[in-house]
Q: 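My questions all concern the structure below.
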Amino acid sequence: MKTEFIPLDFDYFDFEGRNYAKIIGRDKTGKRACVIDSCPVYFWAVLKEKTSEKQIHKLQEKILKIKLDLKGRKSCVEKVEVCNKRFLGKEVKALKIFGTNYKDLHDIAEQLGEPEIEKRRGYDLGFVTHYIIEKDFTPLNWYEIEGDLLNNSFEFGGIDSSIETDSCIKLNSKKKIEKTEFTPRVIAFDIETDSLQIGEGEILMISLVGENFQKVITWKKSANFPFVEYVKDEASLLERFVEIVKEQAPDFLTGYFSDNFDLPYLKARADKNRVKLSLGLDGSQPKFSRGIMTTSKVDGIVHIDLLRFIQTAYSQYMQSETMSLNEVAGEFLGDAKKKFEFKHSSKIKEDEWEKYFEYNLQDSILTYNLFNKFWPDLLEFTKTMQEPIFNVSRNGMSANVEDYIVHNLKRFDEIPEKHPTYDEIAERKNRERYEGAFVLQPSPGIYENLAIFDFTSYWPSIIVTYNLSKSTILEKKEKNCLEVDINGKKVYFSKELGFFPQMLKEIIEKRKQYKKELAEKFDIIKKARSNAFKLLANASYGYQGFFGARYHCAEASAATTSLSRDHIKNIISKIDQEGYKTLYSDTDSIAFLLNKKTQEQAKQFLKKLNSELPGIMEIDLEDFYKRGIWVTKRTGEFGAKKKYALIDDKGKMKIRGFETVRRDWCKLARETQNNILKMVLEDGNEKRAVELIKEVVKKVKARKFDVKMMSVRTQLKKPISEYKSLTPHVVAAQKMLERQVPMDPGSSIEYYIAETPDKKKLVRDKVKLIDEQGEYNIEYYLKNQILPAVENIFQVFNVNTTELLEGKKQMTLGEF
DNA sequence: GAAGTGGATATACC
DNA sequence: ACTGGTATATCCACTTC
């Protein structure tokens, strides 16, 4: 039979000792289909340079005899081919060793201790990745496929009857086609429970939302609401949930924090109630991976935890201070979560149930809308990395970079490098830290007429221009190579473009092209693709420095930063020589005074600078600014780095590093500082700001502010038990635990510093949770929040804040 | 017991 | 363990006098 098919979920199974890919997707009629396929499995033995033909032949014979009987499976080497390949850029002779089962390749590789064999590679990709590469059958692209329809057949142990798809096809051939239309069927879900600890409480209700479908199932309260369905008990609730998912037959099941909360909770309650949560198309229950981060997998239906994806792809560009569904939806959908102040449990008043149902439904609606909002990104990320969307949606950026590399090696005829072993990781982590970027110490003050230049894609442009990577580093100096001094030690890189810099170059070029096309005509898919390439480029430098990377190369990272320091210092001196005055610089950007020169002159000067840069390196005009302020560090007289505020002609501010942008300061301190920066930057003097701070202090003393303005939010970075020092936020976390609220790494805690009857000295002794009765500690908020936030700003104008507020002396002598 | 200092901790910048 | 290094600032924990 022939049809069109889009692969969504990739899995595999073993049958008679061999591996078969099991791919779930949709056909052209929108029906769910399962495609079964196989591919040769093999790994590589890279041979030493001087191995003779005779030795190779002998080796082949010997390897062909390898047989294994492990884990109840008979496996053997089925074929050995001699190939000319590349490994880390070098031409090599390698044996392509075919086995029976992918999972046995590692064991076969371990038996190859022959001296002629330099390295064994390509057995650690996992069957699914290997299959995608081998067959070039990539996720979320349309294919024209031809195969045998399995209908009540005995092939593969009767898999077609055990899997709930409309068809099951044994693949014979496939061809990629130019078709993009695909609207995924999505069900978003959310649960409400009595306790926040997994499985500890009862599940009170579950909401499900799809296209033209909204429902809340509950067993707690029979009610007459149009979207609420009542069932008799918790077990029925779980069974009904499974039933609805089956009826709706979604491609994607999506939740928010559902990897770590909703699905594990559902499974735990199903176990307790002795019912099966058979969500999988093969009838299986969700499977959970162990590790720091739980991942929850449902067979055949792709479970997407949107929080995980948003965190890696978007959090660095977000304004939201927490990753709560409420805030994230607010930012991306402009849609705030319904606000309910009641406790999330069954212990609520009779008339509050309706609100609770609405609330539960609303969470699924938001999740559903967020999924659609991020669908273009999920799609393009997946197509770019060429790994299953289940993985891509959970990957960090280093894994994304690695997936991109691994799926693009074929073009370079490269044998994949292996994943580092446990010992190698330990060794890499132990290495000395290499020197990073250059940051110029600013002189505190307020300045007028500024410009900022910055290098575009600084790290990647250096890696590409200078060809820095694991595959281009040289063991010793060669003719016409690059020499970089790293802390007195010389490192050399070849000038023959390596595959990693080459890939990176393509990524940057593609990104540039999409950006240009986007400027001409907006296209949501192109925008997502451009973003995927941007993130890939940005993460490439960190990837090479990352200890867990297959293509880790600390020397390349150290060379990248070393060259970055040379370049930025060089540009700074050119700027100053030209008659401008550099004020500040951090990594890839330079802020300087125009002095008497015009903006047009600066633009012309930029062109000149660019003409002198090597390779793909480029400087851009970030913007012009009317005014800017740099302050001193709180300890010492020097200008603080990474802390400044700017304002442009339109009154738009750019604030970096100040408490205003720090989540771990109270709202009042942040807002006050923000207002003061605004006044000072708008006016060029401190007069209005002085009046404001006096007013704020007066109001703090008179307790005019709500305690909400005083709350401090801090994140827990590790399990509470691992903290060596008992800081205020740890004390707050302990208080949360007493309330049975789980406190895991990543949880954030909101607390304030309260007045205490006895004269306790430590801040932590005054910690109260945000909803705890009490009054804010006036002295603490003045001395430790408000004043520290504004002191350095006033100091620029020679105003001593302490004296100002104690009313002793308003101005220091310097003022006159 | 106050004062000074280094370590632990969180968060931001690029 | 799940990208890198640079930097500021707070509060605790400890030492010193």
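Below, chain A is the first sequence line, B the second, and so on; all start at residue 1.
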Q: Tell me which residues in residues 417-432 of chain A lie within less than 4.0 Å of DNA chain C, going by non-hydrogen atoms.
A: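 By residue number: A:K429, A:R431.
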Q: Ignoring backbone atoms, establish whether A:Y644 has a side-chain N or O less than 4.0 Å from OP1 or OP2 of C:dA7.
A: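 A:Y644 to C:dA7 OP1/OP2: no side-chain N or O under 4.0 Å.
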Q: Take the angle between the ring planes of A:F261 and A:F257 and call it parallel below 30°, perpendicular above 60°, tilted in between.
A: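 Correct class here is parallel.
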Q: What's the shortest heavy-atom distance between A:S258 and A:P264, and which atoms?
A: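 That would be O-CD, 3.4 Å.
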Q: Atom CG of A:N538 and atom P of C:dG5: how far apart are they, to the nearest Å?
A: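 Interatomic distance, CG of A:N538 to P of C:dG5: 17 Å.
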Q: Scan A:Q544 against the nucleic acid and name what it touches under 4.0 Å (heavy atoms): base, sugar-phosphate only, or nothing.
A: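 Answer is nothing: A:Q544 stays at 4.0 Å or more from every strand.
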Q: Nearest-Å distance, CG (A:L762) to C1' (B:dA2)?
A: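 The distance from CG of A:L762 to C1' of B:dA2 comes to 14 Å, rounded to the nearest Å.
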Q: Working to the nearest 0.5 Å, report the span between CD of A:Q795 and OG1 of A:T801.
A: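 Taking CD in A:Q795 and OG1 in A:T801, the distance rounds to 8.0 Å.
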Q: From CZ of A:F638 over to P of C:dA7, roughly how many Å is that when rounded to an integer?
A: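 My rounded result for the distance is 14 Å.
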Q: Hey, is the side chain of A:R764 poking within less than 4.0 Å of OP1 or OP2 on C:dA13, counting only N and O atoms?
A: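 Result: yes.
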Q: I want to verify a distance call: between B:dC13, C:dC12, C:dT8, whose nearest atom is closest to the A:P728 side chain?
A: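 Taking heavy atoms from C-beta onward, the closest nucleotide is C:dC12.
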Q: Report yes or no: do A:T660 and A:R670 form a side-chain donor-acceptor pair below 3.5 Å?
A: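 Their side chains do not contain a donor-acceptor pair, so the 3.5 Å distance test is not met.
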Q: If you check the A:Y541 side chain, which of C:dC11, C:dG5, B:dA12 turns out closest?
A: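 Given the options C:dC11, C:dG5, B:dA12, the side chain of A:Y541 is closest to C:dG5.
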Q: Please tell me whether A:Y551 and A:F499 form a close aromatic pair, meaning their ring centres lie under 6.0 Å apart.
A: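 Aromatic pair counts; centres sit under 6.0 Å.
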Q: Name the closest nucleotide to the A:V439 side chain, picking from C:dA7, C:dC12, C:dA9.
A: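 Nearest to the side chain of A:V439 among the choices is C:dA7.
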Q: Return the nearest nucleotide to the side chain of A:R433; candidates are C:dT8, C:dG4, C:dT6.
A: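 Side chain of A:R433 sits closest to C:dT6.
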Q: Minimum heavy-atom separation for A:V439 to A:K641, with atom names?
A: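 What the structure gives for the nearest pair is O-NZ, 3.4 Å.
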Q: If you look at every strand shown and take non-hydrogen atoms under 4.0 Å, does A:F658 touch a base, only sugar-phosphate, or nothing?
A: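 Nothing, no nucleic acid heavy atom in range.
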Q: Evaluate the criterion side chain to side chain contact (heavy atoms under 4.5 Å, CB included) for residue pair A:L468 and A:F500; output intermediate values, then yes/no.
A: CA-CA 8 Å; A:L468 311 171; A:F500 182 72; over 6 Å; no
Q: Output the single nucleotide from C:dA9, B:dC13, C:dT8 whose closest atom is nearest the side chain of A:R656.
A: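 So the side chain of A:R656 is nearest to B:dC13.
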Q: So A:K642, base contact, sugar-phosphate only, or nothing? Heavy-atom distance under 4.0 Å.
A: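 Base contact.
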Q: In whole Å, what is the span from the CH2 atom of A:W665 to the C1' atom of C:dT8?
A: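 Those two atoms, CH2 and C1', are 10 Å apart.
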Q: Please give, in whole Å, the distance from C:dT3 C1' to A:N395 CG?
A: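 Going from CG in A:N395 over to C1' in C:dT3 covers 12 Å.
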Q: Please report the distance, rounded to the nearest Å, between OH in A:Y551 and P in C:dT3.
A: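 About 18 Å, once rounded to whole Å.
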Q: Take the protein atom NZ of A:K633 and the nucleotide atom P of B:dC13, then report the distance between them rounded to whole Å.
A: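 Rounded to the whole Å, the gap is 17 Å.
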Q: Think A:R634 has a side-chain N or O under 4.0 angstrom from the OP1 or OP2 of C:dT8?
A: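 Answer no for this pair, as no side-chain N or O of A:R634 is under 4.0 Å from OP1 or OP2.
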Q: For A:V763 and A:N792, find the nucleotide of DNA chain C closest to each by heavy atoms; which residue's nucleotide sits nearer the 5' end?
A: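 Counting from the 5' end, the first nearest nucleotide belongs to A:N792.
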Q: Is the side chain of A:Q673 donor-acceptor paired with the backbone N or O of A:A789 at a distance under 3.5 Å, no angle test?
A: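 Looks like yes, one N/O pair under 3.5 Å.
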Q: How is A:G548 classified with respect to the nucleic acid when contacts are heavy atoms under 4.0 Å: base, sugar-phosphate, or nothing?
A: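 The answer is nothing, as A:G548 stays clear of every strand by at least 4.0 Å.
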Q: Should the ring pair A:Y584 and A:W630 be called parallel, tilted or perpendicular, given that the plane angle runs from 0 to 90° and is split at 30 and 60?
A: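 Rings of A:Y584 and A:W630: tilted, as their planes differ by 30° to 60°.
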Q: Please test A:Q785 against A:T672 for side chain to side chain contact (heavy atoms under 4.5 Å, CB included), starting from the C-alpha separation and ending with a verdict.
A: CA-CA 10 Å; A:Q785 293 271 336; A:T672 305; over 6 Å; no
Q: Looking across every strand, which nucleic acid part, if any, lies under 4.0 Å from A:A399 by heavy atom: base, sugar-phosphate, or nothing?
A: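 Result for A:A399 = nothing.
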Q: Using a strict 4.0 Å threshold on nitrogen-to-oxygen distance, state whether A:K652 and A:D623 make a salt bridge.
A: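 Between A:D623 and A:K652 there is no salt bridge, as every charged N stays at least 4.0 Å from the carboxylate O atoms.
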Q: Which is true for A:N784 with a 4.0 Å heavy-atom rule: it touches a base, it touches only sugar-phosphate, or it touches nothing?
A: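 Touches sugar-phosphate only.
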Q: Considering every strand and a 4.0 Å limit on heavy-atom distances, what is the contact class for A:G436: base, sugar-phosphate, or nothing?
A: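 Answer is sugar-phosphate: A:G436 comes under 4.0 Å of backbone atoms only.
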Q: What does the list of N/O pairs under 3.5 Å between the protein and nucleotides 8-10 of chain B look like, with a distance for each?
A:
residue: B:dT9; atom: OP1; partner: A:K718; partner atom: NZ; Å: 3.3
residue: B:dT9; atom: OP1; partner: A:K724; partner atom: N; Å: 2.8
residue: B:dT9; atom: OP2; partner: A:K718; partner atom: NZ; Å: 2.7
residue: B:dA10; atom: OP1; partner: A:Y723; partner atom: OH; Å: 2.4
residue: B:dA10; atom: OP1; partner: A:H729; partner atom: NE2; Å: 2.7

Q: So what does A:Y434 touch, heavy atoms closer than 4.0 Å: a base, only the sugar-phosphate, or nothing?
A: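 Here A:Y434 touches the backbone only, sparing every base.
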Q: Let me know the distance between CG of A:L535 and P of C:dC2, rounded to the nearest Å.
A: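 Going from A:L535 (CG) to C:dC2 (P), I get 19 Å.
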